[in-house]
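Just so it is clear, the values below take in all heavy atoms, side chains as well, and ignore hydrogens, waters and symmetry mates. As the structure is a prediction and not an experimental result, all values here were calculated from the model. Order of listing sets the numbers, starting from 1, for every ligand and every atom in it.
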Amino acid sequence: MLNQALAHARNQREQHLDQLIEFLGIPSISTLSEHKRDIERAARWLATDMTNAGLEDVEVMPTAGNPIVYGEWLGAGPEAQTVLVYGHYDVQPVDPVDLWVSPPFEPQVRDGEIYARGASDDKGQMFAHIKAVEAMLAAGGKLPVNVKMIFEGEEEVGSPSLEPFVIEHKDLLAANSGLVSDGRIVDTNTPSLVYALRGMSYIEISVKGPKRDLHSGSYGGSVHNTAQLVAEIIVSLHDENGTINIPGFYDKVRELSPEEREALRKVPYSLAQWQEETGLKTPWGEKEYTLLERTTARPTCEVNGMWGGFQGEGGKTIIPAEAGAKISMRLVPDQDPQEITQLFGAHVQQFIPADYTLEVLEHVHGWPVITPIDSPEIRAAARAYEATWGKPPVFTREGGSIPIVATFQKELGAPVVLMGFGLDDNVHAPNEHFRLEHFYRGIGTIIHYYHYLSSQV
Ligand code: BES
Ligand code: MN
Ligand code: MN
């Protein structure tokens, strides 16, 4: 049955690729409201494809935000394991669009890679899950496990509708474990299983001072410039070592054990790879931690954007009435995102002079995640990678965030397996791509996973 399913998936490669191209052609950008229609179109497209794959009770479920697409196959019976598969069909914006070699929503295959927004994050990876189930059902008429699939359209905006949905639909979503492919492996020859994700607190601050922009000649020297104030706040966030200066920020950080540091040192993530991916030579940041520790196991505070005053052509001599910044903090166990938002707000408030106002807006909060690596699910996943990639996976942490994973663990009490198939892939950047070989191996890994999961319980 395993071999028939694998063979079926192999025979269908061309068709799977054609379908993926169609799916990637829908510009389902969740951060921009003008794409609401495209989001809905993507959800409907997905529901049709899931039904065609043999999933049952497929439904596009409306929410206060973007629809959730649900489908299930429960034919393995109540004695079998139930796996909850999650992915997101929304994508990031495409700007700067001029830097794309081919248009972001006209997928193109070049050198074994498919180029399109969402190719790797996450449409290509989630689509592999539907195709794996389709191949197993087509080849043998059944799966060795029950599968529930849930796909959302708001991951890139912090999953605001999915969290209440999970809490309200615990029975519908009940499962023994979760399965998520929305990340990367270390490199194409080094499959990896991720056992920790960082959480997030995403904040926007804006500072208002004088009642209007002021002539910088008439008033310069007498007014605390709002843009300067924002810069002063930003500078205050770190010390020279790159350690964060917000009082209380590290209080709940779980330090790495010597054993875990030892294990992470074996992950083949090299300085050369970092240099290649960033185009830089010299890393910045906390010297007492390795590069991989800094980017996955340590919390951060990053300026994502800042504004204030005149941005147009030429010079305009003003003191801006208002300035601001968008700042996101990546969190690690056991930091509490809402508590961190409060600590941040209190820290910034002391910089605000009398007469000035500060607004602090929390855009997203998501909890960090850590999963045990000695579970039957992880053992099955490790065997599945090994069978497909010819090498057992290394265990590593991930620096990015998938906010709903913590909710699954907390509300459903189900451990989540993070089974990524991507590489760097220019996710969130121009020329996002996904290796076709990884797409096909992804399908193979999932088929193996269900097989091993059911045979070892
Ligand atoms: N798939 C990513 C998370 C990720 C990034 C995994 C890099 C592995 C490597 C996810 O779609 C994402 O971008 N998440 C956002 C969440 C945020 C908007 C709340 C992130 O990490 O910035
Ligand atoms: Mn993603
Ligand atoms: Mn993303």
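- Using a cut-off of 4.0 Å between Lys/Arg side-chain N and Asp/Glu carboxylate O, Glu260 and Arg397 are scored as salt-bridged.
- Look at Asp122 and the Mn ion (ligand 3): no N/O/S atom of the residue is under 2.8 Å from the metal.
- Heavy-atom separations between Pro403 and ligand 1 include at least one value shorter than 4.0 Å.
- Remark: ligand 1 and Asp121 share an N or O pair separated by less than 3.5 Å (distance only, no angle test).
- Using modelled atom types and a 3.5 Å distance limit, the side chains of Asp90 and Ser28 yield no donor-acceptor pair.
- Closest to atom 16 (C) of ligand 1, if we only count protein heavy atoms, is Ser401 O, 3.6 Å.
- For atom 5 (C) of ligand 1, the nearest non-hydrogen atom of the protein is Gly400 CA, 4.1 Å.
- Two residues are said to be in side-chain contact when any heavy atoms from C-beta on lie closer than 4.5 Å; Trp367 and Pro337 meet this criterion.
- Summary of contacts: the protein heavy atom closest to atom 18 (C) of ligand 1 is Glu156 O, 3.5 Å.
- By heavy-atom distance, the residue among Leu418, Asn304, Val194, Asp182 lying nearest atom 1 (N) of ligand 1 is Asp182.
- Residue-ligand proximity, His88 to ligand 1, at heavy-atom distances under 4.0 Å covers atoms 11 (O).
- A donor-acceptor pair shorter than 3.5 Å can be found between the side chains of Glu154 and Ser161.
- Between the side chain of Asp425 and the backbone N or O of Leu423 there is at least one donor-acceptor pair closer than 3.5 Å.
- Taking 4.0 Å as the cut-off between side-chain N and carboxylate O, Arg198 and Glu398 do not count as a salt-bridged pair.
- Under the 4.0 Å criterion applied to side-chain N and carboxylate O atoms, Lys131 and Asp49 are assigned as salt-bridge partners.
- With salt bridges taken as basic N to acidic carboxylate O contacts below 4.0 Å, none links Arg294 and Glu286.
- Residue contact check: Gly183 has heavy atoms under 4.0 Å from atoms 6 (C), 8 (C) of ligand 1.
- Ranking protein heavy atoms by distance to atom 9 (C) of ligand 1, first place goes to Glu398 OE2, 3.0 Å.
- Residue contacts to the Mn ion (ligand 3): Asp121 brings an N, O or S atom closer than 2.8 Å.
- Not a single heavy atom of Val427 sits less than 4.0 Å from an atom of ligand 1.
- When ring centroids are compared, Tyr86 and Phe151 stay outside the 6.0 Å threshold.
- The Mn ion (ligand 3) has no N, O or S atom of His88 under 2.8 Å away, backbone or side chain.
- In terms of protein heavy-atom proximity, atom 11 (O) of ligand 1 is nearest to Glu155 OE1, 2.7 Å.
- Here is the list of ligand 1 atoms found below 4.0 Å of a heavy atom in Arg330: 20 (C), 21 (O), 22 (O).
- Heavy atoms of Asp122 come nearer than 4.0 angstrom to ligand 1 in no pair at all.
- In this structure, Asp334 pairs ionically with Arg254, as a charged nitrogen and a carboxylate oxygen lie closer than 4.0 Å.
- Taking the charged nitrogens against the carboxylate oxygens, Glu277 and Arg184 do have a contact shorter than 4.0 Å, which makes a salt bridge.
- Take the N/O/S atoms of Glu156: the one nearest the Mn ion (ligand 3) is OE2.
- For ligand 1, the atoms closer than 4.0 angstrom to any heavy atom of Val364 are 19 (C).
- Residue Gln92 places no heavy atom under 4.0 Å from ligand 1.
- Atom 17 (C) of ligand 1 has Met200 SD, 3.9 Å as its closest protein atom, hydrogens excluded (heavy atom only).
- Nearest N/O/S atom of Asp182 relative to the Mn ion (ligand 2): this is OD1.
- Between Arg44 and Glu40 there is no salt bridge, since no side-chain nitrogen of the basic residue lies less than 4.0 Å from a carboxylate oxygen of the acidic one.
- The Mn ion (ligand 2) lies at 2.8 Å or more from every N, O or S atom belonging to Glu155.
- Ring-plane geometry between His438 and Phe434 is classed as perpendicular, the angle between the planes exceeding 60 degrees on a 0 to 90 degree scale with a lower cut at 30.
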